[in-house]
Amino acid sequence: MSLVQTLGVEIGVRTAGSPEAERAAEAIAEALRAVGLEPAFQELPLLGYDAEEPELEIDGERWDAGPCMYAHPTDGVVEGRVRWIGTSPAEGLFPPAHSFAVEDAAGRELARLEMSPFGADAIPFLVGPRQIVVGPTAFISGADANPPTRGGGRDRTLRVGGRFVPGRTDRNVVAVIPGASEETIVVSAHYDSVWRGPGTIDNATGVEGLRRLAERFAAGPRRPRAITFCAFAAEEIGLIGARRFVSEANLRGTLERIRGVVNLDCIAHGEPLGVYASPAELLGRAQAHAESLGLTERYEAVFSTTARGVDSVPFADEGIPAATIAHFPYPEYHTPRERLELVDEQRLADAVDLAAALVESQLERPIGR
């Protein structure tokens with residue numbers, strides 16, 4: 001069974017809280033049952049958001065624009081002039097990105113335009129410290145945002161749609177291989193995708209990697225610690241599934257049992273091979289394993305501290321040793337162009353081998369917080 005095919009092709013777009021996301025969770029559970037595990041669902045209530053394609057014009061010319069998830073809609077079409085307001089600093093996986101305000105004649109901000117991450121196309125993405133404080137916002141491509149003075153002072157019209165939908169539900173899929181103690185290592189990957197994106201690379205490949213690791217470890221001997229496999233929901237809207245899992249574990253007094261995390265995200269396409277891990281001892285282990293597997297010769301490799309925007313972050317924030325493995329970035333990121341033909345089996349298999357080595361090392365010799 002290939003979950004890349006099931007999620008990325010047969011189901012396709014599976015935004016958080018959608019019927020397609022529900023189908024994906026069921027497919028993942030069935031795949032874990034097929035390797036001998038007994039998966040359970042962890043439900044989370046969700047304020048849904050149905051995005052619409054923004055309408056952006058510059059001096060009467062239509063520009064490409066991607067929706068900002070959970071942005072408040074404009075009241076019809078707003079008209080104003082653009083002003084560059086700042087550039088976010090580089091952080092982890094994310095390079096600097098420009099931000100612009102659309103202002104009326106009095107200088108009042110009507111909306112914002114954000115540069116797509118990685119200088120990519122105008123893609124759907126998320127911005128802001130929390131979803132509830134995001135005003136009307138759309139994403140523009142890196143080409144349209146550079147230089148930041150481009151379009152400055154020109155007339156712009158913008159309509160931002162989108163609808164908040166209360167009462168939706170999403171589900172984490174969780175399965176455990178018991179060990180000799182209650183301590184556990186978490187292996188994770190998110191299964192949701194973005195608006196209009198089939199998520200074949202991001203992140204059906206990561207979920208297939210999780211399935212392969214479950215199959216590998218289920219067939220092996222009993223380990224000194226358990227392995228908990230988590231297919232997380234709602235990563236694309238702020239790591240919601242992973243945050244809920246960590247919050248519930250903390251509330252129920254089980255968070256201390258989690259001795260380490262290995263997360264898989266976008267593992268079969270793109271350059272370079274990246275491992276983003278904290279603390280330094282775990283990062284060093286990851287680099288040593290990658291070198292012993294020959295991966296640093298096969299790929300350009302980046303080893304860095306835990307990056308924002310991936311499901312290992314909520315664990316790392318609690319002081320738990322956590323790593324994310326990714327082949328990233330790539331040009332088709334968050335677009336409908338993510339297709340099965342892009343999947344590189346060698347990259348996927350290598351990421352799984354590296355993840356297995358990290359899991360094994362933490363099962364035998366967990367790193368202290």
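Just so we're clear, the structure is a prediction, and the values are computed from it rather than from any experiment.
The existence of a salt bridge linking Glu281 and Arg365 is excluded, since no basic side-chain nitrogen approaches an acidic carboxylate oxygen closer than 4.0 Å. Ion pairing between Arg223 and Glu360 holds under the 4.0 Å rule for side-chain N and carboxylate O. Salt bridge Asp353/Arg216: present, at least one basic N to carboxylate O contact under 4.0 Å. Ion pairing between a basic and an acidic side chain is recognised when a charged N comes within 4.0 Å of a carboxylate O; Arg159 and Glu52 show such pairing. The pair Arg23-Glu20 fails the salt-bridge criterion, with no side-chain N (NZ, NE, NH1 or NH2) lying under 4.0 Å from an Asp/Glu carboxylate O. Under the 4.0 Å criterion applied to side-chain N and carboxylate O atoms, Glu215 and Arg212 are not assigned as salt-bridge partners.
Here the side chains of Arg244 and Pro45 are in contact, with some heavy-atom distance below 4.5 Å. In this structure, the side chains of Leu342 and Arg337 stay at 4.5 Å or more apart for every pair of heavy atoms. At a threshold of 4.5 Å between non-hydrogen side-chain atoms, the residues Asp311 and Thr324 do not count as touching. With a 4.5 Å cut-off on side-chain heavy atoms, Ile123 and Pro117 count as touching. Counting heavy atoms from C-beta on, the side chains of Val187 and Phe217 never come closer than 4.5 Å. The shortest side-chain heavy-atom distance between Arg285 and Gln362 falls under the 4.5 Å cut-off. Within the 4.5 Å cutoff, side-chain heavy atoms of Glu26 are placed close to those of Phe41. Inter-residue side-chain proximity for Val262 and Leu354 is flagged as unmet; no heavy-atom pair is nearer than 4.5 Å.
A donor-acceptor distance shorter than 3.5 angstrom exists from the side chain of Thr184 to the backbone of Thr228, with no hydrogens or angles considered. At least one donor-acceptor pair closer than 3.5 Å links the side chain of Asp344 to the backbone N or O of Gln346. With hydrogens and angles ignored, the 3.5 Å screen pairs a side-chain donor or acceptor of Trp84 with a backbone N or O of Gly86. Under a 3.5 Å cut-off, the side chain of Ser181 and the backbone N or O of Pro224 do form a donor-acceptor pair. In terms of modelled atom types and a separation under 3.5 Å, the side chain of Arg257 and the main chain of Ala249 share no donor-acceptor contact. Counting only distance, with no hydrogens or angles, the side chain of Tyr333 and the backbone of Phe328 share no donor-acceptor pair below 3.5 Å. Between the side chain of Thr15 and the backbone N or O of Ser18 there is no donor-acceptor pair closer than 3.5 Å. Arg112 places no side-chain N or O within donor-acceptor distance of the main-chain N or O of Gly135, the cut-off being under 3.5 Å. With Asp50 contributing its side chain and Gly162 its backbone, the two residues share no donor-acceptor pair below 3.5 Å. Within the 3.5 Å criterion, the main-chain N or O of Gly241 finds a donor-acceptor partner in the side chain of Asn172.
Ring planes of Phe315 and Phe245: tilted class, angle from 30 to 60°. The aromatic rings of Phe139 and Phe125 sit perpendicular, their planes meeting at an angle over 60°, well past the 30° parallel limit.
In the hydrophobic clustering of ILVMFWY residues, with side-chain heavy atoms under 4.5 Å counting as a link, Val173 and Leu46 come out apart. Cluster annotation: Ile325 and Val207 are assigned to the same hydrophobic cluster (Ile/Leu/Val/Met/Phe/Trp/Tyr, side-chain heavy-atom contacts under 4.5 Å, transitive). At a threshold of 4.5 Å between side-chain heavy atoms, the hydrophobic network of Ile, Leu, Val, Met, Phe, Trp and Tyr places Ile58 and Val102 in one connected group. Following chains of ILVMFWY side-chain contacts shorter than 4.5 Å, one can reach Val359 starting from Leu273, so the two form part of one hydrophobic cluster. Hydrophobic clustering (ILVMFWY, side-chain heavy atoms < 4.5 Å, transitive): Phe232 and Ile227 are in distinct clusters.
Between the side chains of Glu338 and His269, not a single donor N or O lies within less than 3.5 Å of an accepting N or O. Between the side chains of Glu114 and Ser99, at least one donor-acceptor pair of N or O atoms lies under 3.5 Å. If you check the side chains of His190 and Asp202, you find a donor sitting under 3.5 Å from an acceptor.
In summary, of the residues considered (Val176, Leu213, Val174), a side chain to side chain contact (heavy atoms under 4.5 Å, CB included) with Phe229 occurs for Leu213 alone.
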- [ ] Please step through side-chain contact (heavy atoms from CB on, under 4.5 Å) for the pair Val343 and Thr205, ending with a clear verdict.
- [x] CA-CA 8 Å; Val343 174; Thr205 60; 4.2 Å; yes
TODO: Step by step, work out the side-chain contact (heavy atoms from CB on, under 4.5 Å) result for Asn203 and Glu235.
DONE: CA-CA 10 Å; Asn203 189 35; Glu235 186 263 6; over 6 Å; no
TODO: Go through the steps to decide whether Val160 and Thr137 satisfy the test side-chain contact (heavy atoms from CB on, under 4.5 Å), and finish with yes or no.
DONE: CA-CA 7 Å; Val160 175; Thr137 303; over 6 Å; no
- [ ] Could you go through the side-chain contact (heavy atoms from CB on, under 4.5 Å) check for Met69 and Glu236 one step at a time?
- [x] CA-CA 9 Å; Met69 303 307 294; Glu236 298 290 4; over 6 Å; no
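Put simply, CG on Leu44 and OG1 on Thr169 are 8.0 Å apart, with the number rounded to the nearest 0.5 Å. A distance of 12.0 Å separates CD1 of Ile201 from NE2 of His334, quoted to the nearest 0.5 Å. Taken from CD1 in Ile185 to CG in Leu358, the straight-line distance is 10.0 Å, to the nearest 0.5 Å. One distance of note links CD1 of Ile320 with CD1 of Ile258; it measures 5.0 Å at 0.5 Å rounding. The structure places SG of Cys230 at 8.0 Å from CG of Leu210, a figure rounded to the nearest 0.5 Å. Ser312 OG to Leu264 CG: the interatomic distance, rounded to the nearest 0.5 Å, is 10.5 Å.
Residue Glu297 places its CD atom among 12 or fewer non-hydrogen atoms of other residues, nucleotides or ligands, all under 6.0 Å distant. For Glu10, the CD atom counts as densely surrounded, since its 6.0 Å shell holds more than 12 non-hydrogen atoms of other residues, nucleotides or ligands. Heavy atoms of other residues, nucleotides or ligands lying less than 6.0 angstrom from CD of Glu271 number more than 12.
Scanning both residues, Arg347 and Tyr299, for their nearest heavy atoms gives CA-OH, 3.4 Å. Between Pro198 and Pro336, the closest heavy-atom pair is CD-CA, 3.8 Å. Heavy-atom minimum distance, Leu32 versus Ala175: CD1-CB, 4.0 Å. A pairwise comparison of heavy atoms in Gly17 and Asp170 identifies N-OD2, 2.8 Å as the closest pair. Closest heavy-atom contact between Pro67 and Ala51: CB-CB, 4.0 Å. When all heavy atoms of Val134 and His72 are compared, the closest pair comes out as O-ND1, 2.8 Å.
Geometrically, Arg308 engages Phe94 in a cation-pi contact, judged by NZ or CZ lying under 6.0 Å from the ring centre and within 45° of the ring axis.
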